[in-house]
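Take a look at the structure below.
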Amino acid sequence: DGGVVRDPAGKIVLIPGFTKDQLDLFTDDQLEMLAEKAEASVAEAPKATKKKKSKPKPKPKKKKPKPKPKPMEYQLPNGLSYPVNDGNRWFSATWKMVPEGAAVMNFVISDGNNCYENNGGRDFHVAVERDDKTIEELVEKRYQELRNERKEVQEEKKRRFEHSSAQKKKFAEQARNLQIRQTATTLFTEPPVPVPGEKLQVYYRPDNTPLHGTTAVFMRGAANRWKGGSLGTVEMTPGTKETSGYYTCTVDIPNNAYGIDFVFQDGPGLEPERIDNRDSLDYHIDVPNANYKEPPMHIVHVAVEMAPICKVGGLGDVVTSLGRAVQDLGHRVEVVVPKYDVMKYGLIEDMVELEGFMWGGTYNSVSYGKVENLDVYFIGPQNGFFDCGMIYGADWEPMPMTDRERFGFFSKAALEWMLQSKRNPDIIHCHDWSTGPTAKSFWEDYQPYGLNNPRMVFTIHNLNFGEEEIEEAMTYTQKATTVSPTYASEVWNHPSVYPAHGKFYGIRNGIDPDIWDPLHDEFLNFPYSAENVVEGKRRAKEQLCAHLNMPMTDQPVIGIVSRLTQQKGTELMEHAIRVALGRGCHVCLLGSTFDPDMQENWDQFSNEMKQFNHNAVRMVFSYDEPLSHLIYAGADMLLVPSMFEPCGLSQLIAMRYGTVPVVRRTGGLADTVFDVDHDKLRAEHEMMQVNGFSFDGADVEGIEYALHRAIDAYHNDPKWWYETLSKGCMDQDWTWARPAMDYIEMYHSARKN
């Protein structure tokens with residue numbers, strides 16, 4: 001066995017020729033290698049041959065013991081040497097070749113098990129022997145390279161900023177023009193842009209308004225959100241032949257006006273029988289004025305989610321994107337969220353702790369930071385409510401608190417913070433059941449005691465949770481919204497909403513054009529826009545197919561990016577996938593679910609589809625942001641068969657990338673997708689273009705009808721599909737430009753009340 005000794009556990013404790021201290025320097029693997037060599041040397045040694053007996057030799061004289069060898073020394077350059085002992089353990093390595101052009105060799109040392117010695121973060125450096133001129137040239141070359149790299153990064157940031165600013169300006173202009181064109185069917189003026197100190201001719205058409213059929217129309221108005229000079233109450237006269245159907249009157253615009261506001265009624269008094277005040281929002285027209293500007297509003301959002309630092313669903317996206325869009329229009333926006341222990345703190349810029357406050361039986365820390373260029377404040381009570389490793393879910397954990405208790409505490413703590421920090425914003429905007437208690441607490445506990453300026457706005461994102469909190473918030477808020485007009489019409493008679501439905505509105509959500517931009521998408525190999533949509537879509541399809549190891553195809557690629565829940569129409573999804581594969585299409589699905597039974601069902605379905613359509617279908621069950629971008633860009637169609645959908649963002653993102661949506665007509669899907677065959681008149685009325693395919697009902701016949709029409713349209717005229725339909729989708733504005741304008745009007749209306 002070569003003299004190798006092991007302990008009862010099999011660990012090597014002795015190898016001939018090595019001391020115990022030396023053995024301690026080796027890893028277990030290295031010890032085994034040394035043991036194998038020792039054993040091999042014994043096996044290879046020549047065996048002793050049997051000799052004949054001979055006469056005994058005289059005993060040799062005792063030799064003196066040889067002196068012990070001196071300790072081995074490490075010989076180093078420049079005549080240095082170090083003895084081998086416990087205090088000096090040395091290892092060596094050799095570079096096979098010093099790279100040509102190297103001036104300095106840089107290195108760190110590792111034990112091979114992710115433990116590093118890097119000289120306190122400075123690394124180790126050894127100068128390469130060169131002449132001074134060469135070193136100077138190399139240093140200058142690297143310096144120029146770094147400067148150029150930094151310049152490229154700065155120029156790219158500048159290009160992106162300019163592109164983003166130009167996009168936002170374009171979308172804002174489109175939104176204003178669309179608003180004017182849509183309003184013009186009821187109201188327009190001459191001149192179209194009012195001039196301070198000049199006369200303005202107002203034209204009003206009562207058709208399709210509460211004054212429909214009236215024989216007398218009066219206009220009542222004032223400047224500057226009803227706070228400026230009164231325009232009086234003026235009786236309007238029927239229009240001429242060119243303006244048949246309209247009533248008209250002339251008013252004088254005050255010199256200090258930056259806007260004028262109107263309502264129309266069937267009599268001259270303050271209490272007419274019928275009035276058209278645009279559902280309490282009034283008719284408003286901006287007046288450009290070099291000397292008088294509308295003061296910006298101060299809006300504070302109170303929410304338990306915010307993208308990207310503490311996002312669970314769409315609520316977090318809305319808080320961030322709406323806040324940014326309103327801020328871009330010149331208003332002051334702040335956000336207040338709980339200080340969770342599970343936040344993505346690396347995405348918060350310049351976070352600092354401010355002065356906290358005692359309230360609710362505990363100390364509440366207050367921190368400030370920038371998130372997506374928004375001012376964000378974090379309230380961290382020391383009672384442990386938000387140090388529990390989660391955003392939602394306390395109800396299902398063995399802990400002495402519920403989500404209702406946690407978020408109810410935060411809703412009121414946010415108001416206490418505003419009071420103690422001497423804030424008095426114009427609007428407090430709370431979101432969903434989780435911060436619904438803010439509305440009642442504001443009016444009962446804070447408005448009478450110094451926090452007297454704000455008005456409340458409340459947004460319902462999900463009506464499936466917290467009905468009690470939602471009903472309470474609806475009662476105490478001045479204005480309430482949900483995330484699309486159609487969804488508002490679907491839920492207005494819900495018991496939590498109906499008692500206050502007169503102040504309930506639907507404003508669709510939008511998408512952030514900086515995040516969803518095929519021209520600057522970091523996950524796409526080939527950037528594209530509406531101008532090169534044909535090549536861009538082809539290249540994106542190639543990248544998607546390569547990423548999923550699918551063969552490239554001229555057939556339609558149908559994408560699905562969705563949570564796999566009953567709400568999202570999973571049964572219709574499965575049927576549609578079978579139909580699409582039967583038509584020769586390729587299908588790629590990215591989905592996730594927390595339901596183990598649902599996951600098992602989809603695993604079985606995926607295996608079945610791959611067995612018979614191996615090259616044509618890919619299903620990925622995870623959260624995969626890069627793949628979601630590839631599907632939105634590389635697919636030709638996106639399937640969204642939701643049973644209900646308050647707004648929906650996937651169809652908006654798909655259109656931004658030139659992918660045509662195929663959807664069930666419900667909620668926000670109905671508001672944003674105009675069917676190619678059946679919605680031309682509706683699209684014209686909304687000043688939009690047809691952009692997809694939709695179906696009614698929840699049966700397989702409906703989704704088959706929409707999907708077959710889409711596939712047929714693709715095959716019948718691929719040129720039209722890409723150059724007209726796909727390009728048209730990309731040209732449409734589904735950003736926050738228009739919704740932000742609608743929210744600002746909502747805020748002003750809440751202030752008026």
Side-chain angles (χ1 to χ4, degrees), residues 165 168-184 187-189 191-200 202 219-232 251-264 277-301 322-335 373-375 423-429 452-457 478-479 481 505 507 510 735-753:
S165 300
K168 289 178 179 178
K169 184 177 180 181
K170 181 185 93 171
F171 290 140
E173 190 65 28
Q174 285 180 349
R176 279 191 292 269
N177 291 337
L178 179 61
Q179 187 181 48
I180 291 170
R181 293 203 309 273
Q182 289 175 336
T183 305
L187 173 72
F188 71 91
T189 65
V193 179
V195 179
E198 302 287 340
K199 292 187 179 299
L200 183 72
V202 179
M219 186 202 78
R220 179 162 53 90
N224 302 345
R225 307 288 179 182
W226 301 96
K227 297 175 183 177
S230 172
L231 304 181
V251 295
D252 294 316
I253 304 298
N255 287 317
N256 66 344
Y258 50 74
I260 49 176
D261 302 270
F262 308 110
V263 297
F264 301 93
N277 60 3
R278 205 165 69 91
D279 291 331
S280 298
L281 297 177
D282 301 339
Y283 291 92
H284 175 80
I285 298 175
D286 288 326
V287 178
N289 195 322
N291 300 315
Y292 297 90
K293 304 293 182 184
E294 183 167 20
M297 284 185 290
H298 178 193
I299 301 104
V300 176
H301 290 270
L322 173 60
R324 288 181 58 180
V326 170
Q327 183 172 270
D328 286 342
L329 293 174
H331 301 279
R332 179 186 176 191
V333 178
E334 295 176 314
V335 182
N373 202 36
L374 288 171
D375 292 325
R423 274 170 171 73
N424 228 336
D426 297 300
I427 295 292
I428 298 174
H429 191 158
N452 53 14
N453 181 56
R455 297 296 180 265
M456 297 299 305
V457 171
Q478 279 58 70
K479 295 293 179 183
T481 71
Y505 304 86
I507 301 177
T735 70
W736 278 95
R738 177 61 185 272
M741 293 169 58
D742 292 340
Y743 268 104
I744 288 171
E745 290 304 307
M746 175 80 60
Y747 294 154
H748 282 299
S749 181
R751 293 290 305 163
K752 183 188 71 173
N753 291 342

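Scanning all heavy atoms of the two residues, the minimum distance from P196 to N289 falls at CG-ND2, 3.4 Å. Residues P296 and G330 approach most closely at CB-O, 3.2 Å, considering heavy atoms. For S749 against S280, the heavy-atom pair with the smallest separation is OG-O, 2.8 Å. Heavy-atom minimum distance, W736 versus G510: NE1-O, 3.0 Å. Residue Y258 comes nearest to Y292 through the heavy atom pair CB-O, 3.6 Å, listed as atom of the first residue, atom of the second, then distance. When all heavy atoms of A257 and N224 are compared, the closest pair comes out as CA-OD1, 3.4 Å.
Remark: Q179 engages no residue in a side chain to side chain donor-acceptor pair (under 3.5 Å) (not counting sequence neighbours). Evaluation of the side chain to side chain donor-acceptor pair (under 3.5 Å) rule for N291 yields no partner, not counting sequence neighbours. Y743 is linked by a ring-ring contact (aromatic ring centres under 6.0 Å, His included) to H429, counting only residues two or more places apart in sequence or in another chain.
In this structure the side chain of D426 never reaches within 4.5 angstrom of the side chain of I299, judged on heavy atoms. Two residues are said to be in side-chain contact when any heavy atoms from C-beta on lie closer than 4.5 Å; N453 and H298 fail this criterion. For the pair L281/Y505, a side-chain contact is recorded, criterion being any heavy-atom separation below 4.5 Å from C-beta on. Taking the side chain as every heavy atom from C-beta outward, L374 and H301 never approach each other to under 4.5 Å. Annotation: side chain of T183 is not in contact with side chain of I285 (no heavy-atom distance under 4.5 Å). Taking 4.5 Å as the limit, some side-chain heavy atom of N424 sits within range of a side-chain heavy atom of P454. The shortest distance between side-chain heavy atoms of V326 and M297 does not fall below 4.5 Å.
If you take NE2 on H748 and NZ on K479, they are separated by 13.5 Å, rounding to the nearest 0.5 Å. Within the model, atoms NZ of K199 and OG1 of T189 stand 15.0 Å from one another, a figure rounded to the nearest 0.5 Å. Taken from CD in E198 to CG in D252, the straight-line distance is 9.5 Å, to the nearest 0.5 Å. How far CG of N277 is from NZ of K752: 6.0 Å, rounded to the nearest 0.5 Å. We find the NZ-OG1 distance between K168 and T735 to be 9.5 Å, quoted to the nearest 0.5 Å. In this structure, CD1 on I180 lies 13.0 Å from CZ on F188, to the nearest 0.5 angstrom.
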Step by step, would you call E173 with R176 a salt bridge (Lys or Arg N to Asp or Glu O under 4.0 Å)?
CA-CA 5 Å; E173 190 65 28; R176 279 191 292 269; 3.0 Å; yes
List the steps, then state whether side chain to side chain contact (heavy atoms under 4.5 Å, CB included) holds for L231 with F262.
CA-CA 9 Å; L231 304 181; F262 308 110; 3.9 Å; yes
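D261 and H284 share a donor-acceptor pair across their side chains, judged by distance under 3.5 Å alone.
Counting heavy-atom neighbours within 6.0 Å of K293 NZ, excluding the residue itself, gives a total above 12.
Checked for salt-bridge contact, R738 and D742 meet the test: a charged N lies under 4.0 Å from a carboxylate O.
Judged by distance alone, the side chain of Q327 and the main-chain N or O of N373 form a donor-acceptor pair under 3.5 Å.
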